[in-house]
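Inspection log for the structure reproduced underneath, given as structure tokens.
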Protein chains: 2
Amino acid sequence: MTSTNDRVVPPAARRRRRPTKTGVVLSGELIVETALRLLKEHGADALTVRRLGLALGADPSALYRYFRDTDDLLLAVADELIGRTLRDWRPTGDWRADLRDLGLRVHSGSLAHPQAAVLSSYRVTGRAHEIQAVETILGVLRGAGFPDAEAVRIYHAFVDQALAFAALDAASTALPPAAREAEAGVWRATYARLPADSHPNIAATARHLVHDMRRSAYPTALDMLLGAAAARLAEITGGGRAAGTGPVRDGMRPAAD
Amino acid sequence: MTSTNDRVVPPAARRRRRPTKTGVVLSGELIVETALRLLKEHGADALTVRRLGLALGADPSALYRYFRDTDDLLLAVADELIGRTLRDWRPTGDWRADLRDLGLRVHSGSLAHPQAAVLSSYRVTGRAHEIQAVETILGVLRGAGFPDAEAVRIYHAFVDQALAFAALDAASTALPPAAREAEAGVWRATYARLPADSHPNIAATARHLVHDMRRSAYPTALDMLLGAAAARLAEITGGGRAAGTGPVRDGMRPAAD
DNA sequence: ACCTGAACACCGTTCAAGT
DNA sequence: ACCTGAACACCGTTCAAGT
């Protein structure tokens, strides 16, 4: 079986393309852009091969010349999103501020295309833009002074936290309007009305819950992760223990799941 | 429009049910259990009204007497999963150990039903089991000494991080076998082979990446979050500032996204 | 070489008719 | 009261035929 990443025909071999009935000349880039536009304008349910063909002015089956299947198209969309998110980012040299900015960019980039993000945030594309992002983030951590094993461990937690919250919050944003409104109402209509004798902790904090649960918890979780990373770095660089050697023994030790 | 949570007919009004053609007596519970079994045995694509009807021995359209639509069924599945995850959990009195255990349970519970988790982890059900979970976790944090506003903020970050990682890791687990294998191979086949001159940070850490990216980063992220929470608690209780009053000013301050 | 159109095997949901 | 079966408006994907 061939890899999911290859197109059916390598781009270079597709030189002179016959325009479709409506005069459009198809290309992978045009299809990805159109897919992103469809997702943005009409939601996740709108990304069907048939509607994509219609939007492009081509027969749906023509798309199978460019992408093996819908999953292959989705990975291309995912990589394009990563590229857009990091296109104009530049490091400042302050590792903590840089990671904070990167995390918030990934998160808000996902919310700008929630339907695409919810379908693709958890995928490893192995394509150009993703590789560039991995290289950049590892560079920030190694530049800060984290030894390699530690840099990778924190890289993994940082990236997966960003992607996981991006997908979570994108999923809420991308919910059909009826379900979205129903969920927003649950905190006011259900939680805020629970009696104190059966649910003392919810009743005592209801006011805070109604206020806080509307916003994303990602900025809080991100700052907690960065705070823990900074504490760890201080321990490594200030504690006199040789950096990068020996097992990690305290605080943020790896744990069996 | 009626709420997403109501069934078409209240359970009490459905007394004597006619068995289906194949002799099965339908019920909401039976349908939810069958849906979970279908998801587990045949993956997320198997949860269709038609296949569920087939598995139950009933006409697909009969299910619409019990659930408004597939989303309504999904929320019932989500709440059932929460219930199973916390069914036999008991607090030890050590807030940090208790939260760690709860987080790991949510995560591994999701991986036990990845197809269900990926569809439902980001939903607010407002149903019985979810309410019980919120009450329990808030109780642990308030019992630890966090003032109400802080307890809610940390509750939100803790729960959303657990659910977000659960969904992320469940999504990888639930991927169709071909895509799953392709992703696993990307770290070895693509990242581990990048040259040091173009990608120095990836090349320097390739060995760690191949090893680390196979596992979930959740235990690391969870320990980092709990470490930051512990530091914050020490600050509040040891720092002499009145608990629960005044704005939070340092370290883990809330941030605009 | 590339696009088209028909075909196949599916979906969720509604509603009149049956029991 | 509850289940059934037909109907409607969709899906993704394949492949022989057209240009």
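These numbers come from the heavy atoms of this one structure, side chains and all, not from hydrogens, waters or symmetry mates. Just so we're on the same page: letters track the sequence lines, and every chain starts at 1.
B/Ser110 places no side-chain N or O within donor-acceptor distance of the main-chain N or O of B/Ala170, the cut-off being under 3.5 Å. Looking only at distances, a side-chain donor or acceptor of A/Ser27 sits under 3.5 Å from a matching main-chain atom of A/Leu30.
Looking at residues two or more places apart in sequence or on another chain, you find a side chain to side chain contact (heavy atoms under 4.5 Å, CB included) between A/Ala116 and A/Leu36, A/Leu39, A/Val77, A/Leu81, A/His113. B/Thr70 meets the side-chain hydrogen bond (donor to acceptor under 3.5 Å, both in side chains) test with no other residue; sequence neighbours excluded. Partners of A/Asp197 under the salt bridge (Lys or Arg N to Asp or Glu O under 4.0 Å) rule, at least two apart in sequence or in another chain, do not exist in this structure. Legend: residues meeting side-chain hydrogen bond (donor to acceptor under 3.5 Å, both in side chains) with A/Asp59, ordered by chain and number and at least two apart, are A/Ser61. Not a single side-chain hydrogen bond (donor to acceptor under 3.5 Å, both in side chains) links A/Glu181 to another residue, sequence neighbours left out. By the side-chain hydrogen bond (donor to acceptor under 3.5 Å, both in side chains) test, B/Gln132 is found to be paired with B/Thr136, residues two or more places apart in sequence or in another chain being considered.
A stem is defined here as three or more consecutive Watson-Crick or G-U pairs, each with both distances under 3.5 Å; for DNA chain C these stems are C:4-8 with D:12-16, C:12-16 with D:4-8.
The side chain of B/Leu26 lies closest to D/dC3 when the candidates are D/dC3, C/dC3, C/dT14. Comparing C/dC2, D/dC3, D/dT14 against the side chain of A/Ser61 picks out D/dT14 as the nearest.
Atoms CG (A/Leu63) and P (D/dC11) sit 13 Å apart, rounded to a whole Å. Going from atom CG of A/Asp71 over to atom C1' of D/dG12 covers 13 Å, rounded to whole Å. The CG atom of B/Asp69 sits 5 Å away from the P atom of C/dT13 (whole-angstrom rounding). One interatomic measurement links the two molecules: CZ of B/Arg65 to P of D/dT4, which rounds to 11 Å at whole-angstrom precision. We find that CZ of B/Phe67 is positioned 16 Å from C1' of C/dG12, with the value rounded to whole Å. Here the P atom of nucleotide D/dG12 and the CG atom of A/Leu119 are 12 Å apart, to the nearest Å. One can place NE2 of B/His42 at 18 Å from C1' of C/dC11, the figure rounded to the nearest angstrom. Remark: P of C/dC15 and CZ of B/Arg68 are 15 Å apart, rounded to the nearest angstrom.
Note on residues 46-58 of chain B: no pairs pass side-chain hydrogen bond (donor to acceptor under 3.5 Å, both in side chains), not counting sequence neighbours. Applying the salt bridge (charged side-chain N to carboxylate O under 4.0 Å, His left out) rule to pairs touching residues 74-89 of chain B yields B/Glu80-B/Arg84, B/Glu80-B/Arg87, B/Asp88-B/Arg105, sequence neighbours excluded.
Within residues 46-60 of chain B, the residues approaching DNA chain D are B/Arg50, B/Ala58, B/Asp59, by heavy-atom distance under 4.0 Å.
Using atom C1' as the reference point in both D/dC3 and C/dC15, the two lie 13 Å apart (nearest Å). For the C1' atoms, the distance from D/dC2 to C/dA16 is 14 Å, rounded to whole Å.
For the side chain to side chain donor-acceptor pair (under 3.5 Å) with A/Asp169, the qualifying choice from A/Ser216, A/Ser121, A/Ser108 is A/Ser216, the only one to do so.
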Run the side-chain donor-acceptor check on residues 154-165 of chain A: report pairs under 3.5 Å with partners two or more places apart or on a different chain.
from	atom 1	to	atom 2	distance (Å)
A/His156	ND1	B/Asp212	O	3.3
A/His156	ND1	B/Asp212	OD2	2.9
A/His156	NE2	A/Asp160	OD2	3.1
A/Gln161	NE2	A/Ala221	O	3.2
A/Gln161	NE2	B/Gln161	OE1	2.8

If you restrict it to nitrogen or oxygen atoms, what contacts under 3.5 Å exist between nucleotides 16-18 of chain C and the protein, and what is each distance?
from	atom 1	to	atom 2	distance (Å)
C/dG18	N2	B/Arg18	NH2	2.5

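Proximity of A/Lys21 to the phosphate of C/dG5: a side-chain N or O atom is located under 4.0 Å from OP1 or OP2. Note on B/Tyr66: every side-chain N or O is 4.0 Å or more away from OP1 and OP2 of D/dA1.
Within the 4.0 angstrom heavy-atom criterion, only backbone atoms of the sugar-phosphate kind lie near A/Thr20; the bases stay farther away.
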